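Comments concern the structure below.
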Amino acid sequence: MDFSLAKKERLKSKKHIEKLFAEGRHVSNFPLKLVYLNTHFADRASLKAMVIAPKKNFKSAVSRNRIKRVLREAYRLNKHVVFNNIEGHYALAILYLGKEMPDYEMANHKMQGLLKKFNEEVSNEKTS
RNA sequence: ACGGCAGGCUACCUUAUCGCUCCGUUACGAACUUGUUGACUUACUAAAGUUGAGGUUUCAAUUUUUUUAAAAUACGAUGGUUUUUAUAAACGGGGAGGAAAGUCCGGACACCGUAGUGCGGCAUAGCGGGUAACACCCGUCACCUUGGCUUAAGGUCAAGGGCGGACAAGUGCAACAGAAAGCAAGUACAGUUCGGCUGUAGUGAAAUCAGGUAAACUCUAUGUGGUGAAACGUCAUGUAAACCAGUGUUUGAAAGCGGCACGCUUGAGCUGGAGGGUAGGCGGUUUGAGCUUUUGGGUAACCAAAAGUCUAGAUAAAUGAUAAGGGUUCGCGUGAAGUGAUAACAGAAUCCGGCUUACGGCCUGUUUUAAAA
RNA sequence: CGGGAUGUGGCGCAGCCCGGUUAGCGCACACGCCUGGGGGGCGUGGGGUCGCAGGUUCAAAUCCUGUCAUCCCGA
């Protein structure tokens with residue numbers, strides 16, 4: 001099983017990000033929120049993800065870095081849940097909405113829940 | 001012993017699994033193909049949605065998805081051929097700070113015309129030294145504060161502070177008190193060479209004294225061109241270098257990032273309307289006023305020489321996560337054992353020298369208080 | 001990365017440039033009066049480390065230096 005998170009699996013283009021927030025749909029599992037959009041990429045990656053920690057809730061750069069690292073780690077170890085069950089190409093943005101520092105165990109648990117919800121949402125769209 | 005102040009050091013470690021980034025090696029690699037593919041755009045096919053007209057399923061506009069075709073290249077990914085070979089990876093190494101912070105000063109570097117003249121603006125301010133430079137650092141003096149000794153005044157020693165040019169150019173300001181706070185007046189007492197001459201008292205921070213005040217305007221001396229890595233160079237850039245109005249072409253528009261004027265340079269566009277397009281890649285970029293050690297010079301800041309050494313380079317932005325063990329400090333406990341918590345402040349963004357602020361631990365010196373001798 | 005502004009009673013502001021006698025204004029708050037009561041009006045009163053620290057000065061909200069916080073702007 002592939003746990004890596006290479007450059008091509010990260011969402012980086014400004015254009016894609018603007019499009020994602022303008023047109024994307026969202027699923028949330030507090031304190032996490034996932035914004036996603038079915039699109040396609042130049043380098044044929046099937047999933048591109050980014051992690052966001054808002055400056056409004058966390059003033060310190062150290063805290064924001066810590067949150068992003070924890071969430072990225074949780075995504076990295078759980079992305080197979082989505083990767084193996086999905087068709088099409090998606091841009092993802094994962095936001096942290098809480099106001100307190102997350103620990104890894106909680107983040108991991110919530111991430112699994114969030115990705116499962118995302119799967120259900122996508123398969124519902126397909127069938128309906 | 002606790003606390004304060006000053007100075008110095010340090011900024012948890014080891015192992016396992018998984019992950020990120022850069023470099024190197026295997027393998028200096030080189031040449032070719034108009035290879036394939038990737039943003040966006042245009043036309044066409046089909047479907048769905050929205051809006052308007054119309055009035056019962058038509059028309060128009062528009063959005064999204066989709067079919068086919070056209071479509072330039074940097075760059076990325078991925079193939080093929082040739083030269084002597086090869087899986088598309090493996091292995092090895094490096095990877096946040098003392099403040100990376102605030103952006104308060106000074107530089108390097110780059111471009112703007114090698115940037116001229118005048119005015120203005122800004123900064124600095126005892127003296128000497130250090131430095132690439134500084135508003136920084138070192139030394140020192142006037143002066144101030146505290147304490148000791150001594151005294152008629154005062155002097156001297158120790159510690160700490162020490163943002164300090166000019167009011168003998170001009171202008172302004174001075175509450176309350178006071179006769180009077182600056183060109184006008186003058187209380188009381190005493191002295192007197194009899195001159196509104198001198199002294200004392202009283203008010204006040206300051207009282208005819210070259211008065212006080214410049215962290216008041218100002219003056220003096222010195223320095224200062226501007227803009228900042230989204231600087232700048234380079235590769236690529238299909239479609240609009242089109243349309244309408246105004247203005248201008250040697251009688252000079254406009255530009256050249258100065259606050260203004262002069263001067264200088266370029267020399268045909270510029271302004272507005274309505275609209276169209278937009279995508280970046282590479283370099284700059286980490287070898288530098290570098291770091292460590294030793295020796296010599298200097299009160300010191302610092303300088304010189306020799307030897308050794310290479311120490312982050314990301315870009316929607318890496319430097320991490322989990323588990324186990326150990327260490328440090330703190331809490332509970334009289335102590336031991338035990339047990340619980342656990343590093344404070346904080347995250348490079350062109351690079352250096354300072355300043356300021358935040359902050360855990362250890363060491364040294366000094367000092368207050370308490371206890372004991 | 002660069003530029004700018006603001007901190008004054010519970011809230012919103014003035015005063016600062018050019019220092020001076022008691023730091024004002026509106027709303028809010030408390031008490032009293034007018035009314036049968038409410039609303040409203042009138043009167044009286046309380047409430048201020050002038051963000052923080054240091055300095056200049058006889059004297060600082062005001063001048064100077066440093067610092068903290070908040071907000072805004074450009075790319």
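Because the structure is a prediction, the values reported are computed rather than measured. All chains are named by letter (A, B, ...) in the order of the sequence lines, taking the proteins before the strands, and each is independently numbered beginning at 1.
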How far does the P atom of B:rG29 sit from the matching atom of B:rU103, given to the nearest Å?
-> 46 Å
Between N or O atoms, less than 3.5 Å apart, protein on one side and nucleotides 95-101 of chain B on the other: list the pairs.
residue : atom : partner : partner atom : Å
B:rA96  : N1   : A:R69   : NH2          : 3.4

Expressed as a whole number of Å, how far does the P atom of B:rA168 sit from that of B:rC163?
-> 26 Å
Note: A:V70 and A:A107 closest approach over all heavy atoms is CG1-CB, 3.6 Å
Whole-Å distance, A:N78 CG to B:rC18 C1', equals 13 Å
Rounded off to whole Å, could you give me the CG-to-P distance for the A:L77 and B:rA323 pair?
-> 12 Å
For B:rU87, measure the glycosidic angle (O4'-C1'-N9-C4 for a purine, O4'-C1'-N1-C2 for a pyrimidine) and name it syn if it falls within 90° of 0, otherwise anti.
-> syn
B:rU81: syn or anti, with syn meaning chi within 90° of zero?
-> anti
Here the distance between atom C1' of B:rG19 and atom NZ of A:K68, to the nearest Å, is 17 Å
Would you mind reading off the distance between A:R64 atom CZ and B:rA346 atom C1', rounded to a whole angstrom?
-> 12 Å
Whole-angstrom distance between B:rA16 and B:rA316, as gauged at atom P = 34 Å
Any Lys/Arg nitrogen of A:R76 or A:E73 sitting under 4.0 Å from an Asp/Glu carboxylate oxygen of the other?
-> yes
Could you work out the separation of B:rG4 and B:rA214 based on their P atoms and round it to a whole Å?
-> 39 Å
Short N/O separations, protein against nucleotides 10-13 of chain B, under 3.5 angstrom:
none

Say you pick atom P in B:rA86 and the same atom in B:rA240; how far apart are they, in whole Å?
-> 50 Å
For atom P, what is the distance between B:rU278 and B:rU250, given to the nearest Å?
-> 41 Å
List for me each residue that meets side chain to side chain contact (heavy atoms under 4.5 Å, CB included) alongside A:S28, sequence neighbours excluded, and say none if there are none.
-> A:K33
What's the CG-C1' distance between A:L71 and B:rC20, to the nearest Å?
-> 16 Å
Counting only Watson-Crick or G-U wobble pairs whose two distances fall under 3.5 Å, which nucleotide matches B:rU299?
-> none
Treat a base pair as Watson-Crick or G-U wobble with both distances under 3.5 Å, then lay out RNA chain C in dot-bracket form, 5' to 3', with | for cross-strand pairs.
-> (((((((..((((......[...)))).((((((.....)))))).....(((((..]....)))))))))))).
For C:rG4, decide between syn and anti, treating a glycosidic angle within 90° of 0 as syn.
-> anti
Partner of B:rU17 by Watson-Crick or G-U wobble geometry, both contacts under 3.5 Å, or none?
-> B:rA321
May I ask you to verify whether the side chain of A:E73 and the base of B:rG19 hold a donor-acceptor pair under 3.5 Å?
-> no
Test for a donor-acceptor pair under 3.5 Å between the base of B:rC20 and the side chain of A:R76, counting only N and O atoms.
-> no
A:N108: side-chain hydrogen bond (donor to acceptor under 3.5 Å, both in side chains) partners, not counting sequence neighbours | A:N78
